[in-house]
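Note sheet for the following structure.
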Amino acid sequence: MRVIVLGGGVVGVTTAYQLQKDGHEVVILERRPQVAAETSWGNAGMIAPGHSFVWSSPRAPMILLKSLVLKDQALRFKLSADPRLYSWSWLFLMECTAQKARRNTLLKHRLAAYSQSVLQEVVADEAIEYDRNDRGILYFYRSQQALDKGVDHMRLLESDGQLIKVLDRDAIVALDPSLASAKEKIAGGIHCPTDETGDPAKFTRALAAKVVERGGEIRTGTTITGIETSRDGVAQVMTDKGAVKGDAYVLALGSYSPLIAKTVGISLPIYPIKGYSLTIPVGNRPAPPTIAAIDEHNLVAISRFGDRLRVTATAEFAGYDTSHKPADFAFMKGVTEELYPEGADYDRAEMWAGLRPMTPNNLPEFGQRRLRNLYLNTGHGHIGWTMSHGSARITADLIAGRKPAISMDGLLN
């Protein structure tokens, strides 16, 4: 078939790649001048099944309430005139029970672990260079009490096959000597040795080049304006460069998916959550991080992409606003510099803000809604890079009428 993929982020490009492997003709539509220029550009770059816990937990309502009063919170909720924020928030709160949090976390981990295995197959087949680091990810805590709670928490993922290693501060410094100067501020941590990191934009652009080499088409600078239907299916996609027709269509527009879906009467529970990141050159500094880490106290994530650090923090309910100012990055920069004082040229940090397409239960949307030839692959939230490859394979399976390799119970509405 001729399949039109709406969106050129990591989810859209990996989907096009898997569809092309199935023998389909693929066309990617992307409004930016190149693929992976939005959420796929500035995220933490972590392939992290060990970070599969959903945000919709019993603790979340109090965290959001506190954020209305306290500044510098990792999760920030701002009152808004946008009615979609409140309808989404109500659905989110309905997911914040202990039972649902456990269920959704295990579903998310199932998809994340499967997706990592698909990524590893693609890397073996395509030999793509993307600053991969397969030494795992370190999740560390600043007090013994927090560490004990973190370990108890992580046992849920361990019960689902996640490999974890509990480390004291000496073992952490042995794992990554660049943390030596911060040793006394760290009580201990959890090392997930099978987690990994890599530059998602670098990967996505290299994979997109493979798609084009094999006859696929990528139309950048092309803004999707709507979808035209005929009877029970999509007839064509409307863009600012004209109509585009195919036999099947995949909606992979991330945070913008609900805006386009709405034009054909499909309501998607996806809301944009703003995140901030810094990209910092290592320069000639002698002690950059050698393994990705998350400071669980401050909720700051640090990854190393070759000669750069990527630092991410904050989740802000700010609608489609991606504006930012230097003050927004002061805390995360300060935390990173404290942990790795000789880790990077902090004065040369590049600031960025982008949107995470969040669903209330933190699980992506798959399959068909109303229209027989329109397939969803969207709403991957804060670990879209982690879940993208498995989601792409699942979408290709659904289009082919094949049974996906993992159970879709709970993942397919």
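Remember, predicted model here, so these are calculated numbers, not experimental data.
Residues Ser388 and His380 bring no donor and acceptor atom of their side chains to less than 3.5 Å of each other. Using modelled atom types, one finds a donor on one side chain and an acceptor on the other under 3.5 Å when comparing Thr290 with Arg135. A side-chain N or O of Ser257 and one of Thr378 form a donor-acceptor pair less than 3.5 Å apart. In summary, the side chains of Tyr271 and Asp82 do present a donor paired with an acceptor at a separation below 3.5 Å, with no hydrogens or angles considered. Thr197 and Asn133 are not linked by any side-chain donor-acceptor pair at a separation below 3.5 angstrom, with hydrogens and angles left out of the test. A donor-acceptor contact closer than 3.5 angstrom is absent between the side chains of Arg214 and Gln20. Gln116 and Glu196 share a side-chain donor-acceptor pair at under 3.5 Å. For the residue pair Thr279/Arg308, the side-chain donor-acceptor check at 3.5 Å is not satisfied.
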Q) Hey, mind stepping through Arg31 and Glu38 against salt bridge (charged side-chain N to carboxylate O under 4.0 Å, His left out) and telling me if it holds? A) CA-CA 10 Å; Arg31 70 186 178 98; Glu38 294 198 20; 2.7 Å; yes

Q: Start with the C-alpha distance between Arg402 and Asp22, add both sets of side-chain angles, then the distance that settles salt bridge (charged side-chain N to carboxylate O under 4.0 Å, His left out), and finish with yes or no.
A: CA-CA 11 Å; Arg402 290 191 301 262; Asp22 274 358; 2.8 Å; yes

Q | Trace of the salt bridge (charged side-chain N to carboxylate O under 4.0 Å, His left out) decision for Arg372 with Asp232 | A | CA-CA 6 Å; Arg372 59 175 173 74; Asp232 62 343; 3.1 Å; yes

Q. Are Asp321 and Lys274 close enough, and set up right, to give a salt bridge (charged side-chain N to carboxylate O under 4.0 Å, His left out), and what steps lead you there?
A. CA-CA 8 Å; Asp321 172 33; Lys274 186 177 181 181; 3.4 Å; yes

Q) Run the side chain to side chain contact (heavy atoms under 4.5 Å, CB included) check on Leu111 and Ser391 step by step: do they pass? A) CA-CA 8 Å; Leu111 175 58; Ser391 298; 4.0 Å; yes

Q: Could you check Tyr130 against Phe305 for ring pair (Phe, Tyr, Trp, His ring centres under 6.0 Å), going step by step and ending with a plain yes or no?
A: CA-CA 8 Å; Tyr130 60 105; Phe305 299 160; 9.3 Å; no

Q.
Could you go through Tyr340 and Asp176, starting from their C-alpha distance and side-chain angles, then the distance that decides it, and tell me whether this counts as side-chain hydrogen bond (donor to acceptor under 3.5 Å, both in side chains)?
A. CA-CA 11 Å; Tyr340 310 97; Asp176 189 353; 4.5 Å; no

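In this structure the side chain of Ser407 reaches within 4.5 angstrom of the side chain of Arg110, judged on heavy atoms. Contact of the Ile266 side chain with the Leu268 side chain is registered, since non-hydrogen atoms from C-beta on lie closer than 4.5 Å. Put simply, the side chain of Asp160 does not reach to within 4.5 Å of the side chain of Thr105, judged on heavy atoms. Put simply, the side chain of Val300 does not reach to within 4.5 Å of the side chain of Thr312, judged on heavy atoms. At a threshold of 4.5 Å between non-hydrogen side-chain atoms, the residues Glu350 and Ser277 do not count as touching. A 4.5 Å side-chain heavy-atom check between Thr395 and Ile399 finds at least one atom pair inside the cut-off. Using a 4.5 Å cut-off on side-chain heavy atoms (C-beta onward), Met238 and Ile224 make no contact. Residues Gln162 and Pro49 meet the side-chain proximity criterion, which asks for heavy atoms closer than 4.5 Å.
Distance check: His153 NE2 to Asp148 CG gives 14.0 Å after rounding to the nearest 0.5 Å. Between atom CD1 of residue Ile280 and atom CZ of residue Phe329 there is a gap of 10.5 Å, rounded to the nearest 0.5 Å. Between Ile218 atom CD1 and Leu29 atom CG the span is 10.5 Å, to the nearest 0.5 Å. Taking CD1 of Ile383 as the start and NZ of Lys108 as the end, the distance is 4.5 Å to the nearest 0.5 Å. Annotation: the span from Leu207 atom CG to Leu119 atom CG amounts to 10.0 Å, rounded to 0.5 Å. Taking CD1 of Ile291 as the reference point, atom CG of Asp134 lies at 10.0 Å (rounded to 0.5 Å).
Between Ser115 and Thr386, the shortest heavy-atom contact is OG-O, 2.7 Å. The shortest non-hydrogen separation linking Ala301 to Met46 is CB-CE, 3.8 Å. When every heavy atom of Asn361 is checked against every heavy atom of Val54, the shortest pair comes out as O-CG1, 3.6 Å. Counting all heavy atoms, side chain and backbone alike, Cys192 lies closest to Ile164 at SG-CG2, 4.1 Å. Across all their heavy atoms, Lys241 and Thr220 have their closest contact at NZ-O, 4.3 Å. Nearest heavy atoms, Leu85 versus Ser80: CD2-CB, 3.7 Å.
The residues Lys210 and Asp125 are annotated as not salt-bridged, no charged nitrogen and carboxylate oxygen being separated by less than 4.0 angstrom. A salt bridge is defined here as a Lys NZ or Arg NE, NH1 or NH2 lying under 4.0 Å from an Asp or Glu carboxylate O, and Arg393 with Glu121 meets this definition. Using a cut-off of 4.0 Å between Lys/Arg side-chain N and Asp/Glu carboxylate O, Asp199 and Lys202 are scored as not salt-bridged. Between Arg142 and Glu338 a salt bridge is recorded (basic side-chain N to carboxylate O distance below 4.0 Å). In this structure, Asp397 does not pair ionically with Lys403, as no charged nitrogen and carboxylate oxygen lie closer than 4.0 Å. With respect to the salt-bridge test (charged N to carboxylate O, under 4.0 angstrom), the residues Asp328 and Lys325 qualify.
Partner Val5 forms a side-chain contact (heavy atoms from CB on, under 4.5 Å) with one of Thr14, Ile28, Leu253 and no other, that one being Ile28.
When ring centroids are compared, Tyr375 and Tyr249 stay outside the 6.0 Å threshold. Here Tyr141 and His297 keep their ring centres 6.0 angstrom or further from each other. A centroid separation of less than 6.0 Å is found between the aromatic rings of Phe92 and Trp88. Note: His109 and Phe53 fail the aromatic proximity criterion, with ring centroids not under 6.0 Å apart.
Relative to the ring axis of Phe203, Arg132 does not place its NZ or CZ within 45° and under 6.0 Å from the centre. Geometric assessment of Arg84 against the ring of Trp90 yields a negative cation-pi assignment under the 6.0 Å and 45° thresholds.
A distance-only check finds no donor-acceptor pair linking the side chain of Arg59 to the backbone of Ser56 [under 3.5 Å]. No donor-acceptor pair under 3.5 Å is formed between the side chain of Asp345 and the backbone N or O of Arg348. Glu30 contributes a side-chain N or O that, together with a main-chain N or O of Arg32, makes up a donor-acceptor pair within less than 3.5 Å. A donor-acceptor pair under 3.5 Å is absent between the side-chain atoms of Glu25 and the main chain of Arg2, judged by distance alone. For the pair His24 (side chain) and Met1 (backbone), a donor-acceptor distance under 3.5 Å is present. Within the 3.5 Å criterion, the main-chain N or O of Val35 finds a donor-acceptor partner in the side chain of Arg205.
Ring geometry, His382 versus Trp55: the interplanar angle falls from 30° to 60°, so the pair is classed tilted. Between Phe317 and Phe77, the angle of the ring planes lies from 30° to 60°, which puts this pair in the tilted group.
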